[in-house]
Amino acid sequence: MGEQEQQLTEIVPVILSGGSGTRLWPMSRPEKPKQMLALTASETMLQLTAARAHGDAFAAPIVVANAAHADAVEEQLGAIGTMPSALILEPAGRNTAPAIALAALSAGADQALLVMPSDHVIADREAFHAAIHAALPLVEQGWLVTFGITPDAPETGYGYIKVGEEIAAGVHRVARFVEKPKRDVAEAMIASGDHAWNGGIFLFRADAYLAALEQFAPEIVSSVRKACAGARREGVRVYPDADAFAASPSDSIDYAVMEKADRVAVVPVAMGWSDVGSWDALHAISEGDTRGNVVNGEVIMLDSSNCLARSDGVRVAMVGVENLIVVASGNDVLILPRGRSQDVKLLLEAMKG
């Protein structure tokens with residue numbers, strides 16, 4: 001792999017760290033969101049993301065983050081010996097299309113950008129790298145490439161990609177993007193065998209992305225250009241102009257560009273991907289004990305099975321229960337049956353009220 005990597009264009013990882021991971025309350029909070037937490041390993045999700053795009057083929061990353069998390073991002077990346085070439089600090093959240101535009105304008109026009117959310121898990125790094133190498137020749141020709149996750153269940157919480165004709169080894173044209181489906185539609189797509197989950201990971205040249213954005217969402221490009229032109233810089237930190245950035249429409253890369261552009265390709269890949277979008281998802285990907293319990297922190301469990309229990313402080317004691325999620329953080333304790341963890345969002349709304 002080494003020699004082959006040397007010959008390829010250096011890829012700039014773009015790590016999007018603006019999310020808040022509300023469904024993992026009470027551990028994930030606005031001041032310390034999901035990507036800053038060590039949920040699946042001893043490293044945090046941000047550290048794991050940076051580490052999977054590291055080595056000969058990769059340049060120093062560009063990180064786009066919430067300005068409130070600047071110190072934490074620098075600290076966590078420094079702890080694993082990664083120095084970003086730019087830490088772009090968003091003055092406000094404007095979804096992924098403007099966030100990626102900030103990174104594209106910060107990079108060289110001809111640089112290949114590997115766009116990754118900071119809070120996903122990829123268990124098989126080699127499969128991921130192989131998919132990246134498969135995509136690169138088309139990326140050099142100006143294609144916008146997304147990575148389609150081989151689905152293993154009819155999930156209704158993800159968008160899907162219909163995989164079209166093969167245009168290069170392992171690379172297919174995107175036939176269409178599909179919104180988050182209802183259960184029966186998801187089951188039909190899985191049965192058809194030609195759909196992948198949309199994992200939100202992309203590879204394209206900076207100039208190809210900006211050209212597509214110019215074509216389909218010109219207001220985003222003009223606002224982000226102004227925000228970059230008026231940016232304040234401190235070392236690697238970049239503070240885009242707040243008023244100019246706030247004027248940008250808030251839109252996802254999928255809506256703004258990928259669903260509209262012509263040369264859009266997908267590399268289907270099975271790489272042990274999860275967005276760890278809920279406590280149930282964390283239980284599913286974690287190694288449990290012989291009774292299916294996943295435990296972290298000060299937890300005592302007797303005669304219990306198939307539970308997820310975590311504490312970052314207080315001691316949690318559980319006896320004779322099954323299929324529960326119990327999470328204690330600070331002064332908050334969350335208790336719910338497994339299978340209901342998507343309802344944490346409803347809980348947070350109820351707390352606001």
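A quick note: this is a predicted structure, and the numbers were derived from the prediction, not measured.
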Quick one: closest heavy-atom pair of [X] and [Y], and the distance?
X	Y	value
A135	V267	CB-CG2, 3.9 Å
L334	P26	CB-CD, 3.7 Å
M27	A328	CE-O, 3.5 Å

- Message: Test of understanding: with salt bridge (Lys or Arg N to Asp or Glu O under 4.0 Å), list the residues that count as partners of D243, not counting sequence neighbours.
- Response: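 Once residues adjacent in sequence are excluded, D243 has no partner under the salt bridge (Lys or Arg N to Asp or Glu O under 4.0 Å) criterion.
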- Query: Got a sec, which residues hit salt bridge (Lys or Arg N to Asp or Glu O under 4.0 Å) with E234, two or more places apart in sequence or on another chain?
  - Reply: R232
With heavy-atom distances below 4.5 Å as the criterion, would you say the side chains of [X] and [Y] are in contact?
X	Y	result
Y209	I253	yes
L46	I15	yes
R310	W279	yes
H195	V163	no
N306	R338	yes
C307	V326	no
I201	T146	no
E259	Y255	yes

- Query: Going by the angle between their ring planes, with limits at 30° and 60°, are F128 and F147 parallel, tilted or perpendicular?
  - Reply: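 Ring orientation, 0 to 90° scale: perpendicular.
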- Any idea how H129 and F58 line up, ring-wise: parallel (<30°), tilted (30 to 60°), or perpendicular (>60°)? tilted
- Roughly how far, to the nearest 0.5 Å, is CD of E349 from OG1 of T22?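 So the OG1 of T22 and the CD of E349 are separated by 9.0 Å.
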- Nearest-0.5 Å distance that lies between atom NE2 in H69 and atom CD in E31: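 Interatomic distance, H69 NE2 to E31 CD, rounded to 0.5 Å: 7.5 Å.
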- Message: Please tell me whether S252 and N95 have a donor and an acceptor in their side chains that are separated by less than 3.5 angstrom.
- Response: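 Side chains of S252 and N95: no pair found under 3.5 Å.
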- Message: With no hydrogens and no angle check, just 3.5 Å: does a side-chain donor-acceptor pair link R23 and Q342?
- Response: yes
